[in-house]
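One structure below.
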Amino acid sequence: MGHRSIIEPFRIKCVEPIRMTTRAQRRNFLEEAAYNPFLLHADHVLIDLLTDSGTGAMSAEQWASIMRGDESYAGGRSYYRLLDVIQSIFGFRYVLPTHQGRAAERILFSSMCKPGDVVPNNTHFDTTRANIEETGAQAVDLPTAEGRLPAAIHPFKGNMDVDALETVIAQAGADRVPLVVLTVTNNSGGGQPVSMANIRAVRAVCNRHRIPLYIDACRFAENSWFIREREEGYAGKTPREVARELFSYADGCTMSAKKDGLVNIGGFLACNDEALVKRESRLLILTEGFPTYGGLAGRDLEAMATGLEEVLHEDYLHYRIASTAYLGDHLTRIGVPIVQPPGGHAIYIDAAAMLPHVPARLFPGQALVAELYLEGGIRAVEIGTVMFGSTDAQTGEETVAAMELVRLAIPRRVYTQSHIDYVCEVLSDVFARRDRIAGLRMVWQAPPLRHFTARFQPV
Ligand SMILES: *Cc1c(COP(=O)(O)O)cnc(C)c1O
């Protein structure tokens, strides 16, 4: 069987048309959207690789769960089913449902952080950083040296630099570090996994300083699969067993179920600390809802519970990781520089290496995103200076990001191999004329999270 294709482990029961456009139409749409893919109409996009967040397809079983949802205001059956599922996979005692990951982040960080605090993470996701900074605390990224090098091949490039963590704690003082966060997989760092050994090492540092460890669990199943495939001692374990061990080292987690929850909306915050969860419940009630539904409908809770079970199926994870690698390996073969090795949910093109003639202040990643749309109606997203840089209000000087990446995020269970082949063909054509791609100038921005609304013009 080793020589055979890894096929989609599902058949299609419901289809949704996608629309073709002409190059002339796309040029107009791109100008109207000020060269920002977030401002495009989704109807004008052929293959949408903007994000893997909330864009997945639900299974027949999840749609059946939708009908079983209990819409009781308090104490609904769907909440208790979700609680059971989360307790059995994640092992945490208390679970607060939220409408998505950032709501869990806001509640967690405003319950734990104060001005002057420091929160280390392997790499903070943009909403995580923004929610920490909103409390007056400082968000610090501590990726390892190999995690900063797009071309370096390493099995666990998502790891946290444990020595750097010790240094940050020593400099700030343990009482100024209210928690440490590990993001699995490391989304902003190229979708790369974190090893169990690294999680254990970070836990040991946290223990020594009595600091709680939280997992940003968005892609916990994909990370568990990588541990099983790549880390010694895990080959015989099920993804569920790996996940159980992973969370056993943590005091709690935040989750965007729009990723490995296989739903279009949903999330949760979980922990074992009774006093903390009481404070968090007060905030939850203020902005999300009663603690047994937290901003979601009963049917959403039910679909999330089913999704969390399905995402750990071996056939699914095998196909998921292999299909992302298929895109990455194909692009590597035609010479497109990507973050190596391919991650779990996305392929990250190294735009700085592909367009060396475009300086970071002219946003090579954003320029490449625009070309992909123009060439083939493909929507990708810049993960570079547009997302993580900033402009000095006085001098207009741009602080640039460490890497200029373009992310091709793969929605779960949505596109087939022929869609992905098309993406490779379009990229091949763009790659062939890369020398003629010019940069973009940012003409309007609104921080924080400026990438959602910034406007650009070609130079
Ligand atoms: C998506 C994401 C979040 C935020 O979740 P939302 O559901 O979009 O609010 C947080 N952390 C990581 C790593 C993510 O990928």
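Start at 1 and go down the list; that is how both ligands and their atoms are numbered. In what follows, every heavy atom counts, from backbone to side chain, and hydrogens, waters and symmetry copies are set aside.
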Side-chain heavy atoms of L182 within contact of N198, under 4.5 Å: yes
Side chain proximity check, D141 to P143, heavy atoms < 4.5 angstrom: yes
For the residue pair K157 and Y348, would you count it as a cation-pi contact if the rule is NZ or CZ under 6.0 angstrom from the ring centre and within 45 degrees of the ring axis? no
Near ligand 1 (heavy atom, under 4.0 angstrom), the protein residues are Q100, G101, R102, E105, F125, T127, T128, T183, N187, D216, C218, R219, S256, K258, K259
Within 6.0 angstrom of R282 CZ, more than 12 heavy atoms from elsewhere: no
H419 NE2: over 12 foreign heavy atoms closer than 6.0 Å: yes
Taking only residues at least two apart or on different chains, which pairs with a member in residues 94-109 satisfy salt bridge (charged side-chain N to carboxylate O under 4.0 Å, His left out)? none
